[in-house]
Amino acid sequence: VEDAVEKYEKIEPQKIEEDNYFFRLSRYQDKLHEYLAREGVIVPEWRRKEALDFVERGLEDFSISRVKEKMPWGVPVPGDDLQVQYVWFDALTSYISTLGWPSSAKATEGKPEDLFEKFWVNGFTLQLAGKDQVRFQSIMWQAMLMSAGLPTTKHVFYHGFITSGGQKMSKSLGNVIDPIAIVDEYGTDALRYFLARHIHPFEDSDFTMERFKEAYNADLANGLGNLAARIMKLSSEYLKKIPDIPNIKDVPDIHTDIREFRLNDALFTLRHWMEHLDGLIQEQRTFE
C-alpha cells in the first residue's frame with residue numbers, strides 16, 4: 001500500500017477540458033423547493049429534509065453528456081454524433097419510457113391503452129430507491145420532469161443498505177449473500193418474510209445466514225408452522241369447541257405501518273397475535 005501511495009504521489013495532476021451539454025438545474029430552484037416542501041412526498045421524513053437542505057444551499061447546472069470517444073457505449077445525444085448522454089440523465093427516463101413515453105403521449109383513439117397516461121399521469125406514482133439516490137431521484141429527476149412539463153413523482157421511498165456480517169457485500173471479501181440459493185433451499189416466501197420482518201425499511205441492516213436460519217426456525221417453522229399444523233389437526237380431529245377469540249376489531253391496525261413502509265413493525269404485530277392465538281388454544285384447551 002505504501003508503495004502504491006508513493007507511486008501516485010509522484011504523478012502530476014493533468015487539467016483536462018472537454019465540451020459537454022448542461023441541464024439548467026438552477027432554473028428549477030423555486031419549483032423544487034415547493035415540491036419538496038410537501039410533507040409525505042419523500043419517506044422517511046429525514047430524507048425529505050436532506051433534499052430540502054441540498055436545494056436551499058443553491059443549485060448548480062450539471063453536465064448531461066460525455067465525449068463519445070471516451071464512452072462509445074453511451075446513448076447518443078440527438079443531433080450530435082460526438083456526444084453521448086450522462087448515464088443518470090439517460091437512465092432516469094426509464095421510469096416513463098417503459099410506459100411508452102413519449103410515443104404513448106401521442107396515442108390516438110383505437111390504439112392500445114396509453115400506459116403512460118394511466119399510470120404516470122392518472123395513477124399514484126411511487127419510486128423505490130437506495131438512500132444514496134436522494135439527489136438523483138428527488139432533485140435531478142424531478143427537475144427533468146418539470147422541464148418536460150410532466151407530472152412529478154408523487155411519492156419516493158428511500159431504503160437503507162443490506163450489509164453482511166457488518167460489512168458491505170463484496171466478492172473480494174467473500175460475504176455476498178446469494179438470494180437465488182436461499183430461494184432454492186427455503187422458498188421465496190421465507191426470504192420475503194425475513195426481508196420484510198428483519199430488515200429495517202429505512203436504516204442499514206445486517207443479513208447473515210445465521211440470522212436467516214434462526215428467524216426461519218423460530219418465526220416460521222416453530223412459530224407459524226406449528227400453529228397452522230395445530231389448528232388443522234384440531235379442526236379435523238379433535239376440535240370440540242371454538243376458542244373465544246377476541247373481536248377482530250380489537251386487533252392492532254397494521255395498515256398505517258404498511259402505508260408508511262414499516263413492514264417490519266406490521267409483521268411484528270402479526271407475529272404477536274399469532275403467539276396470542278397459540279396461547280388461547282393452550283389456555284382454553286380446545287383439544288380436550
Side-chain angles (χ1 to χ4, degrees), residues 22-64 86-99 101 119-164 166-169 194-207 252-269:
F22 277 72
F23 179 84
R24 194 167 290 177
L25 184 64
S26 56
R27 175 181 290 177
Y28 300 95
Q29 174 103 19
D30 294 339
K31 288 186 176 181
L32 283 169
H33 191 281
E34 181 182 351
Y35 169 76
L36 294 169
R38 303 201 307 260
E39 291 188 6
V41 72
I42 291 179
V43 176
E45 174 65 11
W46 67 83
R47 296 295 178 202
R48 184 180 71 86
K49 292 181 178 179
E50 176 185 327
L52 259 179
D53 289 343
F54 187 89
V55 171
E56 290 174 350
R57 290 196 297 269
L59 298 175
E60 297 181 355
D61 303 340
F62 65 93
S63 170
I64 61 172
Y86 170 48
V87 64
W88 274 108
F89 190 75
D90 157 49
L92 288 168
T93 61
S94 63
Y95 283 115
I96 55 178
S97 63
T98 192
L99 297 174
W101 184 89
F119 291 107
W120 194 269
V121 178
N122 298 323
F124 186 84
T125 49
L126 167 65
Q127 291 177 205
L128 307 181
K131 65 178 186 178
D132 59 341
Q133 296 294 306
V134 175
R135 187 159 56 97
F136 295 104
Q137 306 283 349
S138 291
I139 297 177
M140 290 169 53
W141 171 230
Q142 303 310 318
M144 290 165 61
L145 289 166
M146 293 173 184
S147 72
L150 300 176
T152 51
T153 308
K154 293 183 177 65
H155 215 52
V156 187
F157 163 60
Y158 292 104
H159 57 77
F161 296 150
I162 299 178
T163 58
S164 178
Q167 295 177 298
K168 182 178 179 180
M169 292 191 195
F194 182 86
L195 293 174
R197 171 66 184 91
H198 295 284
I199 298 298
H200 196 281
F202 311 130
E203 304 288 356
D204 293 354
S205 300
D206 204 45
F207 190 128
D253 182 18
I254 64 172
H255 292 88
T256 299
D257 289 338
I258 294 175
R259 282 195 301 268
E260 296 178 357
F261 304 98
R262 291 184 281 108
L263 301 182
N264 55 336
D265 291 339
L267 281 172
F268 175 82
T269 300

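Predicted model, so just to flag it, every value in this text is computed and none were measured.
Within the model, atoms CG of L150 and OH of Y95 stand 15.0 Å from one another, a figure rounded to the nearest 0.5 Å. Separating the CZ atom in F54 from the CG atom in L32 is a distance of 10.5 Å, to the nearest 0.5 Å. For the atom pair CZ (R135) and CG (L25), the distance works out to 9.5 Å, reported to the nearest 0.5 Å. In this structure, the separation between CH2 on W120 and OG1 on T152 is 8.5 Å, given to the nearest 0.5 Å. Taken from CG in D53 to CH2 in W46, the straight-line distance is 14.5 Å, to the nearest 0.5 Å. Rounded to the nearest 0.5 angstrom, L145 CG and L92 CG are separated by 9.0 Å.
Annotation for H200 and S205: closest pair N-OG, 2.7 Å, computed over non-hydrogen atoms. Residues L59 and V55 share a closest heavy-atom pair of CD2-CA, 3.9 Å. The shortest heavy-atom contact between I258 and A266 is CG1-CB, 4.1 Å. The heavy-atom pair separating G130 from F161 by the smallest distance is CA-CE2, 4.5 Å. Of all the heavy atoms in D61 and S26, the pair that sits closest is OD1-OG, 2.8 Å.
Between the side chain of Y35 and the main chain of I139, no donor-acceptor pair closer than 3.5 Å is present. Side chain of T163 to backbone of K168: no donor-acceptor contact under 3.5 angstrom is found. For N264 (side chain) and P201 (main-chain N/O), no donor-acceptor pair under 3.5 Å exists by modelled atom type.
For Q29, the CD atom sits in a packed shell: over 12 heavy atoms of surrounding residues, nucleotides or ligands are nearer than 6.0 Å. For CZ of R24, the number of neighbouring non-hydrogen atoms (other residues, nucleotides, ligands) closer than 6.0 Å is 12 at most.
Under the 3.5 Å distance criterion, with hydrogens and angles disregarded, a donor-acceptor pair is assigned to the side chains of S138 and Y158.
Under the side chain to side chain contact (heavy atoms under 4.5 Å, CB included) criterion, F136 pairs with Y86, W88, Q133, M140, not counting sequence neighbours. For H198, the side chain to side chain donor-acceptor pair (under 3.5 Å) partners are D219, not counting sequence neighbours. For the salt bridge (Lys or Arg N to Asp or Glu O under 4.0 Å) test, residues two or more places apart in sequence or in another chain that qualify with D204 are K131. Scored by the side chain to side chain contact (heavy atoms under 4.5 Å, CB included) test, I162 finds M169, L195, I199, F207 as partners (sequence neighbours excluded). Residues meeting the side chain to side chain contact (heavy atoms under 4.5 Å, CB included) test with K31, sequence neighbours left out: Y28, M146. Partners of F261 by ring pair (Phe, Tyr, Trp, His ring centres under 6.0 Å), not counting sequence neighbours, listed by chain and number: H155, F157. With sequence neighbours excluded, no residue forms a side chain to side chain donor-acceptor pair (under 3.5 Å) with T125. When the side chain to side chain donor-acceptor pair (under 3.5 Å) test is applied to T93, no partner is found at least two apart in sequence or on another chain. Residues satisfying the side chain to side chain contact (heavy atoms under 4.5 Å, CB included) test with Q167, not counting sequence neighbours, are L173, N175. For the side chain to side chain donor-acceptor pair (under 3.5 Å) test, residues two or more places apart in sequence or in another chain that qualify with H33 are E56.
Within the structure, the salt bridge (charged side-chain N to carboxylate O under 4.0 Å, His left out) test picks out the following pairs touching residues 42-52 (sequence neighbours left out): E45-R48, R47-E50. Sequence neighbours left out, the pairs with a member in residues 257-267 that pass salt bridge (charged side-chain N to carboxylate O under 4.0 Å, His left out) are D257-R262, E260-R262, R262-D265.
Looking at I254 and F268, their side chains never come closer than 4.5 Å, going by heavy atoms from C-beta outward.
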